[in-house]
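Being a predicted model, the structure only gives us computed values, none of them experimental. Every heavy atom of this structure was used, including side-chain atoms; hydrogens, water molecules and symmetry mates were not.
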Amino acid sequence: MPATTMITVAPTGAESARSDVPALPVTLDELVRTARSCADIGASVLHLHVRDAEGRPTLDLAYLTEAVAALRESTDLVVQLAGGPVRALDADPDAASCPVSPELHTVLRDRRIVPAYRIDDLDQLATLRRLLDEYGPPYGERVHCTLVMGLPGGMPGTVPALAAALQALPPEATFTATGVGAATIPVMLAALAAGGHLRVGLEDTLAYGPGQPVRDNAQLVARAAGLARIAQRPPATPAEVRTLLGIGAA
């Protein structure tokens, strides 16, 4: 069982027209303020979807590069780029969330960027095992998966589904889990009990509880950090996460 818990915050992914949903951090100043507040509470990784001034997702390389640089200058968080075209990797993140793809696996290894394999279906874990057998380990020699649970048509956000995913993980792999919507709390508790790590944020969760909208990303990080401490696995530092994931490996 790991001694600490890696907490990833995904602050900008979700989109909603609901008036009770907090505004997403859009400008670089807003993103940096969000990152700082979440880091102070216990986040160690920032999962980055960049949006333009109108709040729309953007893959503008100059903007992505500026965002990564601003986060590095203002925090010591591990910057994990959300999956996207290969050209987006020119922004030089520490890590990248990516689908199980031979192309991305190879490109990330060549560029010395640590992957977090996004898994939202059990079949993808079998595909990942075959990929590792054929192409070898990723950069950093660590295999880390992000289990996205509770999406329609994907893995249910339940304890049995998480248990099945853990049985199918590659040997020695570590995992982060997030439950979308109503699956947030069940997945969080089950992941902590199973020795996993947590992802939270407005990308995955818009309600803090029944009839209670989320106030901001820091509120979600605070809940995750509190539960991690109750589980006697307090939040990991960014330095500990870099070692865990193999970031900066020779």
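- For the atom pair Thr127 OG1 and Leu122 CG, the distance stands at 11.0 Å (nearest 0.5 Å).
- Between Gly153 and Asp121, the closest heavy-atom pair is O-OD2, 4.4 Å.
- At a threshold of 4.5 Å between non-hydrogen side-chain atoms, the residues Arg118 and Ser97 count as touching.
- Counting heavy atoms from C-beta on, the side chains of Asn217 and Pro25 come closer than 4.5 Å.
- Judged as a ring pair (Phe, Tyr, Trp, His ring centres under 6.0 Å), and not counting sequence neighbours, His105 has no contacts.
- Between Leu169 and Leu125, the closest side-chain pair of non-hydrogen atoms falls below 4.5 Å.
- The number of heavy-atom neighbours closer than 6.0 Å to CD of Glu103, taken from other residues, nucleotides and ligands shown, is 12 or below.
- Side-chain heavy atoms closer than 4.5 Å link hydrophobic residues (I, L, V, M, F, W, Y) into clusters, and following such links, possibly through other members, connects Met188 to Leu206.
- Taking Pro115 as the reference, Cys98, Leu108, Tyr117, Pro138 meet the side chain to side chain contact (heavy atoms under 4.5 Å, CB included) condition, with sequence neighbours excluded.
- A donor-acceptor pair is defined here as one N or O able to donate and one able to accept, closer than 3.5 Å; such a pair exists between the side chain of Thr12 and the backbone of His49.
- Contacts of Ala161 classified as side chain to side chain contact (heavy atoms under 4.5 Å, CB included), with partners at least two apart in sequence or in another chain: Met149, Pro156, Thr158.
- Using a distance-only test at 3.5 Å, with no hydrogens or angles considered, a donor-acceptor pair links the side chain of His197 to the main chain of Met6.
- Under the 4.5 Å side-chain criterion, counting only non-hydrogen atoms from C-beta, Val9 is not in contact with Leu220.
- Residues Gln80 and Leu46 form no side-chain contact, since every pair of their non-hydrogen atoms from C-beta on lies 4.5 Å or further apart.
- Residue Thr75 holds its OG1 atom at 14.5 Å from CZ of Arg33, rounded to the nearest 0.5 Å.
- With rounding to the nearest 0.5 Å, the separation of CD in Gln219 from CD1 in Ile41 is 9.5 Å.
- Under the salt bridge (Lys or Arg N to Asp or Glu O under 4.0 Å) criterion, Arg109 pairs with no residue at all, not counting sequence neighbours.
- Looking at residues two or more places apart in sequence or on another chain, you find no side chain to side chain donor-acceptor pair (under 3.5 Å) involving Thr34.
- Side-chain contact check for Thr176 versus Leu198: every heavy-atom pair is 4.5 Å or farther apart.
- The salt bridge (Lys or Arg N to Asp or Glu O under 4.0 Å) test applied to Arg36 returns no partner, not counting sequence neighbours.
- Looking only at distances, no side-chain donor or acceptor of Thr8 sits under 3.5 Å from a matching main-chain atom of Arg199.
- Two different hydrophobic clusters hold Tyr208 and Val187 under the rule that ILVMFWY side chains link at heavy-atom gaps under 4.5 Å.
- Follow the hydrophobic side-chain contacts under 4.5 Å out from Val159 and you never reach Ile185; the two are in separate clusters.
- Between the side chains of Thr205 and Thr184, a donor-acceptor pair is found at a separation under 3.5 Å.
- Looking at heavy atoms from C-beta onward, Val45 lies out of side-chain contact with Ile7 at the 4.5 angstrom threshold.
- Linking ILVMFWY residues whenever their side-chain heavy atoms come closer than 4.5 Å, directly or via other members, leaves Leu81 and Ile119 in distinct clusters.
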### Task
Apply side chain to side chain contact (heavy atoms under 4.5 Å, CB included) to the pair Phe175 and Leu162, showing each step before the final yes or no.
CA-CA 11 Å; Phe175 76 95; Leu162 180 62; 4.1 Å; yes
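- The salt bridge (Lys or Arg N to Asp or Glu O under 4.0 Å) test applied to Asp29 returns no partner, not counting sequence neighbours.
- Leu28 contributes atom CG, which lies 8.0 Å from atom CG of Leu71 (distance to the nearest 0.5 angstrom).
- Under the rule for a side chain to side chain contact (heavy atoms under 4.5 Å, CB included), the partners of Thr174 that lie at least two apart in sequence or sit in another chain are His144, Leu244.
- By the rule that hydrophobic residues join a cluster once side-chain heavy atoms approach within less than 4.5 Å of another member, Leu192 and Leu166 end up as members of separate clusters.
- Looking only at distances, a side-chain donor or acceptor of Glu30 sits under 3.5 Å from a matching main-chain atom of Thr27.
- The salt bridge (charged side-chain N to carboxylate O under 4.0 Å, His left out) pairs that include a residue from residues 206-225 number zero, where partners must be two or more places apart or lie in different chains.
- Counting only residues at least two apart or in different chains, salt bridge (charged side-chain N to carboxylate O under 4.0 Å, His left out) contacts with residues 122-133 are absent.
- Arg111 pairs with exactly one of Asp92, Asp90, Thr106 by the side chain to side chain donor-acceptor pair (under 3.5 Å) rule, that one being Asp90.
- Under a 3.5 Å cut-off, the side chain of Glu141 and the backbone N or O of Pro137 do not form any donor-acceptor pair.
- Taking the side chain to side chain contact (heavy atoms under 4.5 Å, CB included) definition, one finds that Val180 meets it with Val148, Leu151, Asp204, sequence neighbours left out.
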### Task
Apply side chain to side chain contact (heavy atoms under 4.5 Å, CB included) to the pair Val78 and Ile247, showing each step before the final yes or no.
CA-CA 9 Å; Val78 172; Ile247 295 171; 3.5 Å; yes
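- When each of Leu64, Thr65, Ile113 is paired with Pro93, the side chain to side chain contact (heavy atoms under 4.5 Å, CB included) condition holds for Ile113 and for no other.
- At least one side-chain heavy atom of Val143 sits less than 4.5 Å from a side-chain heavy atom of Leu132.
- Once rounded to the nearest 0.5 Å, the distance linking CG of Leu61 with CD of Glu66 reads 11.5 Å.
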#### Entry: Chi angles and distances behind the side chain to side chain contact (heavy atoms under 4.5 Å, CB included) call for Leu245, Val241
CA-CA 6 Å; Leu245 298 180; Val241 168; 3.8 Å; yes
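- The salt bridge (charged side-chain N to carboxylate O under 4.0 Å, His left out) analysis of residues 230-242, with sequence neighbours excluded, yields the pairs Asp94-Arg242.
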